[in-house]
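A short worksheet on the structure shown next.
These values consider heavy atoms only, across backbone and side chains, with no hydrogens, waters or symmetry-generated copies. Only a predicted model underlies this, so the values are computations on that prediction, with no experimental measurement involved. The residues of the chain are indexed from 1 along the displayed sequence.
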Amino acid sequence: MKTLACIALCVLCITSITNSAHGQLTSTFYDSVCPRALSIVKAAVNQAVTNEKRMGASLLRLHFHDCFVNGCDGSILLDDNSTFTGEKSAGPNANSVRGFDVIDTIKTQVEAACTGVVSCADILAIAARDSVVQLGGPTWTVLLGRRDSTTASLSAANSNIPSPASNLSALISSFTAHGLSTKDLVALSGGHTIGQARCTTFRARVYNESSIDASFATSVKANCPSAGGDNTLSPLDVATPTTFDNKYYTDLGSQKGLLHSDQQLFSGGSTNSQVTTYSGNQNTFFTDFGAAMVNMGNISPLTGTSGQVRKNCRKVN
């Protein structure tokens, strides 16, 4: 009996630790209060990505840029108002983040099914997962129950989102500050296996750096002049830009990382071995990516009675 009691106590402790680690988030949060929520998001995301494959990367990035600015609270979706200047015009977001119209569509459909129940922050988390799946990537269980912020921070968006010019130590420091490990950093960077980047974010690398494949640099320069054309796009993963796979890591091993921050993950430092592992084993990457997305999705969520559930993701109730 003492043994059974000890086992029960240990299970209780582990459960408590797990629940504590994820705040009040749970995978079943909407099961009874809005059972159609996840299927509504999935259908809308699938349609949006079918219409434009790049949108999958855009929706994934929205979640990332939301979570790294004062937590996963939907603040990135807020438009400017008389009280604050939002995050959309911040350096890492201006002329770059997109997909707001897709989130608006999802929110309208979810509100029609369950008024005032599903938060914009949770919609971002679910849409990120469904986008990855739609493009051939892994699935994972999204923990839910986030609430929405009532404010946004331009200054935090300018300072908290890692720069594409960051070196490895700065990337590790940024992720550590958000409670994420170096393993999470390398895994989440694999999100760059889809999507595109603007010329202004990689011009210095392709014109000035030596740790880049010469033929790759030449091909990228054709679409990114040394002056002007700042918003011209190039794929982050030249091999399979609209398929979620492990080719991003293969690119790094061949010195074909588009961004300086990408190539820093394979530049003779502490993360080289993890890049090599993912390059040779897509299943390992997929497993670690899903786990890292759960970790990122748990950055400082508003739960319980904190914040609100916005009726319109662009403005406070």
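For Pro225 against Cys199, the heavy-atom pair with the smallest separation is O-SG, 4.0 Å.
Clustering ILVMFWY residues whenever any of their side-chain heavy atoms sit less than 4.5 angstrom apart, transitively, puts Leu302 in a cluster other than the one holding Val69. Hydrophobic clustering (side-chain heavy atoms under 4.5 Å, transitive across Ile, Leu, Val, Met, Phe, Trp, Tyr) keeps Leu236 apart from Phe286.
Between Val220 and Arg205 there is no side-chain heavy-atom pair separated by less than 4.5 Å.
With hydrogens and angles disregarded, no donor-acceptor distance shorter than 3.5 Å links the side chain of Ser261 to the backbone of Ser166. Panel note: side chain Tyr249, backbone Thr277; no donor-acceptor pair is recorded below 3.5 Å. Formation of a donor-acceptor pair under 3.5 Å by the Asn272 side chain with backbone atoms of Ser267 is found in this model.
Salt bridge Lys88/Asp80: absent, no basic N to carboxylate O contact under 4.0 Å.
Atoms OG and CD1, on Ser254 and Ile212 in that order, are 12.0 Å from each other to the nearest 0.5 Å. Here Lys256 contributes atom NZ and Lys247 contributes atom NZ; the two are 12.5 Å apart, rounded to the nearest 0.5 Å. Atom CD of Gln263 is separated from atom CD of Glu209 by 8.5 Å, given to the nearest 0.5 angstrom.
At a cut-off of 3.5 Å, with distance as the only test, a side-chain donor of Arg310 or Ser149 sits close to an acceptor on the other residue. For the residue pair Ser119 / Arg146, no side-chain donor-acceptor distance below 3.5 Å is found, with atom types taken as modelled. If you check the side chains of Ser155 and Asn158, you find no donor sitting under 3.5 Å from an acceptor. Using a 3.5 Å distance cut-off with no hydrogens or angles, the side chains of Gln134 and Asp130 do not pair a donor with an acceptor. A side-chain donor from one of Glu87 and Ser75 sits under 3.5 Å from a side-chain acceptor of the other.
Aromatic ring orientation, Tyr278 versus Phe285: tilted (interplanar angle from 30° to 60°).
Checking Leu171, Leu168, Thr271 one by one against Thr182, the side chain to side chain contact (heavy atoms under 4.5 Å, CB included) holds for a single residue, Thr271.
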